[in-house]
> 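Sharing a structure with you now.
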There are 2 protein chains.
Amino acid sequence: MRAVSDRPLPRAERRRRTEERILGAARALFAEVGFERATIRAVAAAAGVDPALVMQYFGSKRELFARAAQVAPEPGAGLGPDELVRQLLRTLNLKMGELPQGSLAMMRSMLTHPEAADSARAALRDQIDRLAAAVQGEDARLRAALMTAVVLGATVGHHLLELPELREAPPERIAGLLGPALRVLAGRPAGGPADDA
Amino acid sequence: MRAVSDRPLPRAERRRRTEERILGAARALFAEVGFERATIRAVAAAAGVDPALVMQYFGSKRELFARAAQVAPEPGAGLGPDELVRQLLRTLNLKMGELPQGSLAMMRSMLTHPEAADSARAALRDQIDRLAAAVQGEDARLRAALMTAVVLGATVGHHLLELPELREAPPERIAGLLGPALRVLAGRPAGGPADDA
DNA sequence: CATTTCGCTCAACGTGTGTTGACTCAACGA
DNA sequence: TCGTTGAGTCAACACACGTTGAGCGAAATG
């Protein structure tokens with residue numbers, strides 16, 4: 001009855017696994033209830049581990065959050081406006097399916113935890129930069145910021161507030177409706193490629 | 001050196017004033033740091049009052065929050081789509097200036113405090129109802145939800161995350177850019193009245 | 001095998017929190 | 001004027017939290 005995997009693991013491997021287990025539990029809890037309501041004790045319990053171990057691995061609750069709530073930087077180098085809108089919709093399309101828990105954790109806390117707010121602002125600023133470079137023109141930055149805010153609103157409404165209208169609709173339809181609106185915001189009204197992703 | 005107002009106030013008046021003072025301090029603090037980080041002690045200190053008095057007046061922290069974070073229901077009965085979009089922009093225009101602290105308090109906590117989330121969902125559902133009734137058509141509710149999400153994103157970006165692009169831009173310009181996008185979402189592409197508020 | 005390293009647990013400390021009950025004192029009503 | 005009411009304070013409780021240091025036992029190392 002003794003399987004191969006019952007053989008005790010090497011130290012390094014064991015460490016990596018428990019660290020990832022803690023990090024996973026932390027991501028899930030931070031994403032679900034935010035920074036304040038997520039306790040080290042609850043994270044430890046979910047990971048099947050003593051609270052003190054969490055501290056030993058990550059130093060403090062804030063550092064644990066910083067590690068757990070990293071947002072993956074979105075791709076999209078110097079593209080044209082239409083292509084960028086298309087890609088924006090594509091990632092939004094993904095967003096509507098399943099958003100990585102790290103991003104959810106950050107977004108859940110961005111209105112109440114100062115460091116999460118900083119992360120959010122940095123991520124949004126990056127996206128605004130990319131969009132502004134593509135949009136060009138008079139108030140390119142404002143247009144880019146508004147486009148970003150539109151995506152932000154849809155994401156918050158869908159994943160964090162869980163508005164039923166957004167949860168039930170198929171992602172392609174959401175992208176299909178949001179596409180023209182984003183293009184209008186970008187300053188190129190109609191025409192162009194189709195709206196679906 | 002004794003002014004008229006130094007004469008002690010009647011009990012009822014005195015009670016009303018301190019209650020309003022506490023409520024004001026609570027609104028400001030809840031709006032600034034959210035439900036969790038706002039402590040009864042801090043509210044009491046800001047109101048120049050003992051923490052116990054806050055409990056005596058409002059019963060519990062949650063009830064205090066419920067009283068402080070009420071969102072004023074927006075007007076707008078059964079209007080046509082264009083008029084409703086115009087009014088949406090007008091209130092958004094106001095939103096861009098100064099949002100009532102009660103609404104800010106609710107929005108600040110809506111991602112982390114369950115009861116604030118319920119309030120937010122209820123308020124958004126009301127607005128979606130109004131918009132859906134005006135938009136009509138196939139996926140009217142989805143369109144209405146997306147329009148609501150757009151306004152939500154702009155408000156969050158401006159007042160809670162304080163994105164510089166949105167803070168620096170004059171409200172009319174924001175409304176002028178968001179207007180066409182909202183009209184597209186509503187399903188009536190171009191034309192119509194001017195975009196400024 | 002002897003010794004060191006290290007993943008992990010246990011028990012506890014200090015602090016800040018929401019909340020409570022007894023108390024003080026000025027305004028009120030008869 | 002005298003007893004009653006009620007606004008407001010004071011000190012404290014009970015609890016949950018983040019965090020710490022000592023200790024245990026198994027893996028690594030020679």
Side-chain angles (χ1 to χ4, degrees), chain A residues 2 4-26 29-30 32-69 109 112-116, chain B residues 2 4-26 29-30 32-69 109 112-116:
Chain A
R2 179 184 280 265
V4 185
S5 61
D6 281 21
R7 177 178 31 177
L9 288 79
R11 290 255 251 258
E13 180 66 15
R14 186 167 179 80
R15 177 174 186 96
R16 273 194 36 240
R17 291 202 188 181
T18 50
E19 173 166 329
E20 195 50 50
R21 194 151 33 97
I22 295 174
L23 221 44
L29 239 180
F30 282 137
E32 192 183 348
V33 301
F35 180 82
E36 316 282 350
R37 296 179 110 89
T39 73
I40 295 269
R41 285 168 155 89
V43 169
V49 135
D50 191 274
L53 192 65
V54 179
M55 301 300 297
Q56 198 172 127
Y57 269 59
F58 297 93
S60 74
K61 186 185 179 184
R62 280 173 40 215
E63 287 187 41
L64 172 63
F65 179 82
R67 288 282 304 274
S109 303
T112 43
H113 185 49
E115 307 188 20
Chain B
R2 178 184 280 266
V4 184
S5 61
D6 280 21
R7 175 180 33 177
L9 288 81
R11 288 254 250 260
E13 180 65 15
R14 186 167 179 79
R15 178 176 186 96
R16 274 193 37 239
R17 292 202 188 181
T18 52
E19 174 166 328
E20 196 50 50
R21 195 151 33 98
I22 295 174
L23 221 44
L29 239 178
F30 281 137
E32 192 184 347
V33 301
F35 179 82
E36 316 282 351
R37 296 180 110 88
T39 73
I40 295 271
R41 285 169 157 87
V43 169
V49 133
D50 191 275
L53 193 65
V54 178
M55 301 300 297
Q56 197 173 129
Y57 269 59
F58 296 93
S60 73
K61 186 185 178 182
R62 281 172 39 214
E63 287 187 40
L64 172 64
F65 179 82
R67 287 281 304 273
S109 302
T112 44
H113 185 49
E115 306 188 19

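In this text, all values refer to a predicted model and were calculated from it rather than measured experimentally.
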> Determine the contact category for B:A44: base if any of its heavy atoms lies under 4.0 Å from a base atom, sugar-phosphate if only primed atoms, P, OP1 or OP2 are that close, otherwise nothing.
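No contact.
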
> Between D:dA26 and A:R14, is there an OP1 or OP2 to side-chain N/O distance shorter than 4.0 Å?
no

> Within less than 4.0 Å of OP1 or OP2 of D:dG8, is there a side-chain N or O belonging to B:T18?
yes

> Do the non-hydrogen side-chain atoms of A:F58 and A:L23 ever get within less than 4.5 Å of each other?
yes

> Between A:S60 and D:dG18, does any side-chain N or O lie under 4.0 Å from OP1 or OP2?
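Looking at the OP1 and OP2 atoms of D:dG18, neither is under 4.0 Å from any side-chain N or O of A:S60.
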
> How far apart are the closest heavy atoms of B:S60 and B:M55, and which atoms are they?
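Here B:S60 and B:M55 meet closest at CA-CE, 3.8 Å.
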
> Quick check on contacts: within residues 46-56 of chain A, what sits under 4.0 Å from DNA chain D by heavy-atom distance?
A:A52, A:M55

> What contact category does B:R11 fall into here, base, sugar-phosphate, or nothing, at under 4.0 angstrom with non-hydrogen atoms?
base

> With a cut-off of 6.0 Å (strictly less than), are more than 12 heavy atoms of other residues, nucleotides or ligands near CZ of B:R21?
yes

> What orientation do A:H113 and A:F35 show, parallel under 30°, tilted 30 to 60°, or perpendicular over 60°?
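A:H113 and A:F35: parallel rings.
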
> CD of A:E13 versus P of D:dA26: gap in Å, rounded?
21 Å

> In the structure I gave you, are the side-chain heavy atoms of A:Y57 and A:T18 within less than 4.5 Å of one another anywhere?
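Answer yes - side chains close enough.
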
> Take atom CZ of B:R62 and atom P of C:dT19, then tell me their distance rounded to the nearest Å.
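Between P of C:dT19 and CZ of B:R62: 9 Å.
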
> Check B:A68 against B:A26 and note the closest heavy-atom contact, atom names and distance.
CB-CB, 4.1 Å

> Look at all strands and tell whether B:A12 reaches a base, only sugar-phosphate, or nothing, counting heavy atoms closer than 4.0 Å.
nothing

> Rounded to the nearest Å, what distance is computed from the CD atom of residue B:E19 to the C1' atom of nucleotide D:dA7?
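So the CD-C1' distance, B:E19 to D:dA7, works out to 13 Å.
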
> Examine C:dC8: is either OP1 or OP2 under 4.0 Å from a nitrogen or oxygen in the side chain of A:Y57? Give yes or no.
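So the side chain of A:Y57 is within the cut-off, an N or O lying under 4.0 Å from OP1 or OP2 of C:dC8.
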
> If I take atom CZ in residue A:F65 and atom P in nucleotide D:dC17, what distance separates them, rounded to the nearest angstrom?
18 Å

> Within this structure, what is the CZ-to-P distance between A:F35 and D:dC17, rounded to whole angstrom?
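About 13 Å, once rounded to whole Å.
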
> Can you measure A:K61 atom NZ to C:dT15 atom P for me and round it to whole angstrom units?
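Nearest whole value for this atom pair: 19 Å.
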
> Which whole-number value in Å describes the distance from B:F58 CZ to D:dG8 P?
12 Å

> Would you mind reading off the distance between B:L29 atom CG and C:dT17 atom C1', rounded to a whole angstrom?
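After rounding, the gap between these two atoms is 15 Å.
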
> In chain order, what residues pass the side-chain contact (heavy atoms from CB on, under 4.5 Å) check against B:R16, with sequence neighbours excluded?
B:E13

> Looking at every strand, decide which applies to A:R41 at a 4.0 Å heavy-atom threshold: base, sugar-phosphate, or nothing.
base

